[in-house]
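Read the structure below first, then the notes.
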Amino acid sequence: MWSDGDPFLVRYESADGVIRGARPTRVIGERNGYLATWLPAATPVAVPVLADGRGLRECSLEDRYTLPRASRVEPWRGEGIVMLFPRAAAHSIWLFRQAGGEFWGWYVNLERRHAWHPRGCDTRDHVLDLWCERPRQWKWKDEQELEQAVEHGVVSAAGAAEIRGEGERVARMIERWHSPFCDGWEAWQPDPFWPVPALPDDWQL
Ligand code: MG
């Protein structure tokens with residue numbers, strides 16, 4: 001379905017049920033059931049913000065989960081990332097690089113099972129994440145934020161248990177150094193002449 005070089009738009013539903021985030025990327029391949037895409041530095045991305053303009057990490061949790069939201073388009077900060085999407089599982093994996101481009105680590109973003117469409121896929125962030133800097137080692141990230149999301153009724157207790165279960169499943173993949181972690185994506189290098197992907201005007205539609 002996807003060929004190398006195809007534009008691939010990843011869209012994120014926000015806590016209010018509206019698509020408010022988007023990342024335009026480029027397909028770079030598929031290995032062992034994971035589609036890989038590339039998000040270069042400075043790519044214009046849409047991020048969810050509060051309607052009053054504050055970022056979601058610049059306000060209280062009360063405000064984060066109760067005030068109306070909007071979107072803002074801004075350049076992707078930091079180095080480019082390879083993003084890995086499983087065909088049918090509730091996570092994606094982002095390969096972070098340090099300034100200068102050296103590989104840093106695997107960030108497992110727990111998120112809703114992807115809804116695939118002709119432009120890419122839609123998902124929703126599941127708050128809890130995992131971080132892996134060395135083969136077979138991992139740790140949770142943002143555990144407290146998931147608890148707070150449950151307290152605010154944004155995630156149900158049953159939903160949180162499912163999210164943790166998916167995290168545990170990926171943790172076992174890391175411990176066994178299973179695909180896609182052992183697939184060599186950390187050595188992949190972009191063509192420096194590729195243009196930065198464009199965010200389509202109708203990304204929200
Ligand atoms: Mg996350």
Hey, does [Y] have a side-chain heavy atom less than 4.5 Å from the side chain of [X]?
| X | Y | value |
| --- | --- | --- |
| N109 | L130 | no |
| V10 | L39 | no |
| P200 | L9 | yes |
| L35 | F8 | yes |
| P180 | I93 | yes |
| T123 | F85 | no |
| Q98 | E79 | no |

Would you mind listing every salt bridge (Lys or Arg N to Asp or Glu O under 4.0 Å) that reaches into [range], with sequence neighbours excluded?
| range | answer |
| --- | --- |
| residues 113-128 | R11-D122, E13-R124, R119-D202 |
| residues 129-140 | none |
| residues 25-51 | E30-R87 |

Open item on the list: Classify the ring geometry of H91 against Y34: parallel below 30°, tilted from 30° to 60°, perpendicular beyond 60°.
Closed with: tilted
Enter the distance from [X]:[atom1] to [Y]:[atom2] here, rounded to the nearest 0.5 Å.
| X | Y | atom1 | atom2 | value |
| --- | --- | --- | --- | --- |
| I163 | R112 | CD1 | CZ | 10.0 Å |
| W38 | L95 | CH2 | CG | 9.5 Å |
| W138 | F181 | CH2 | CZ | 11.5 Å |

Atom pairs and distances, side-chain donor-acceptor, residues 188-198, under 3.5 Å, sequence neighbours left out:
{"unit_1": "Q189", "atom_1": "OE1", "unit_2": "R97", "atom_2": "NH1", "d": "3.2"}
{"unit_1": "D191", "atom_1": "OD1", "unit_2": "F193", "atom_2": "N", "d": "2.8"}

Do any side-chain atoms of residues 147-160 form donor-acceptor pairs under 3.5 angstrom with protein atoms, and if so which ones, sequence neighbours left out?
{"unit_1": "H152", "atom_1": "ND1", "unit_2": "Q148", "atom_2": "O", "d": "3.0"}
{"unit_1": "H152", "atom_1": "NE2", "unit_2": "E62", "atom_2": "OE1", "d": "3.3"}
{"unit_1": "S156", "atom_1": "OG", "unit_2": "G159", "atom_2": "N", "d": "2.8"}

- [ ] Sort out for me which residue in Y107, F103, W106 forms a ring-ring contact (aromatic ring centres under 6.0 Å, His included) with F96.
- [x] Y107
Task: CA sep, side-chain torsions, deciding dist, call: R23, T43, side-chain contact (heavy atoms from CB on, under 4.5 Å) - done: CA-CA 8 Å; R23 298 177 181 179; T43 299; over 6 Å; no
- [ ] State whether E168 and R164 are salt-bridged, where the test is any N-O pair (Lys NZ or Arg NE/NH1/NH2 against Asp/Glu carboxylate O) under 4.0 Å.
- [x] no
- [ ] Verify the ring-centre separation between W131 and W104: is it less than 6.0 angstrom?
- [x]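 Judged by ring-centre distance (under 6.0 Å), W104 and W131 do meet the cut-off.
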Verify same cluster id: [X], [Y] (apolar side-chain graph, 4.5 Å):
| X | Y | result |
| --- | --- | --- |
| M173 | M83 | no |
| Y12 | L84 | no |
| W203 | V47 | no |

Open item on the list: If we ignore hydrogens and angles and just use 3.5 Å, is the side chain of S71 paired with the main-chain N or O of R20 as donor and acceptor?
Closed with: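 Yes.
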Task: Expected output: side-chain E166 to main-chain A90 donor-acceptor under 3.5 Å - done: yes
Only pairs under 3.5 Å count here: list side-chain donor-acceptor contacts from residues 50-57, not counting sequence neighbours, and write none if there are none.
{"unit_1": "D52", "atom_1": "OD1", "unit_2": "R54", "atom_2": "N", "d": "3.0"}
{"unit_1": "D52", "atom_1": "OD1", "unit_2": "R54", "atom_2": "NE", "d": "3.4"}
{"unit_1": "D52", "atom_1": "OD2", "unit_2": "R54", "atom_2": "NE", "d": "3.1"}
{"unit_1": "D52", "atom_1": "OD2", "unit_2": "R54", "atom_2": "NH2", "d": "2.9"}
{"unit_1": "R54", "atom_1": "NH1", "unit_2": "D63", "atom_2": "OD2", "d": "3.3"}
{"unit_1": "R54", "atom_1": "NH2", "unit_2": "D63", "atom_2": "OD2", "d": "3.3"}
{"unit_1": "R57", "atom_1": "NH1", "unit_2": "E145", "atom_2": "OE2", "d": "2.9"}

Task: Atom CG of D4 with >12 non-hydrogen neighbours under 6.0 angstrom - done: yes
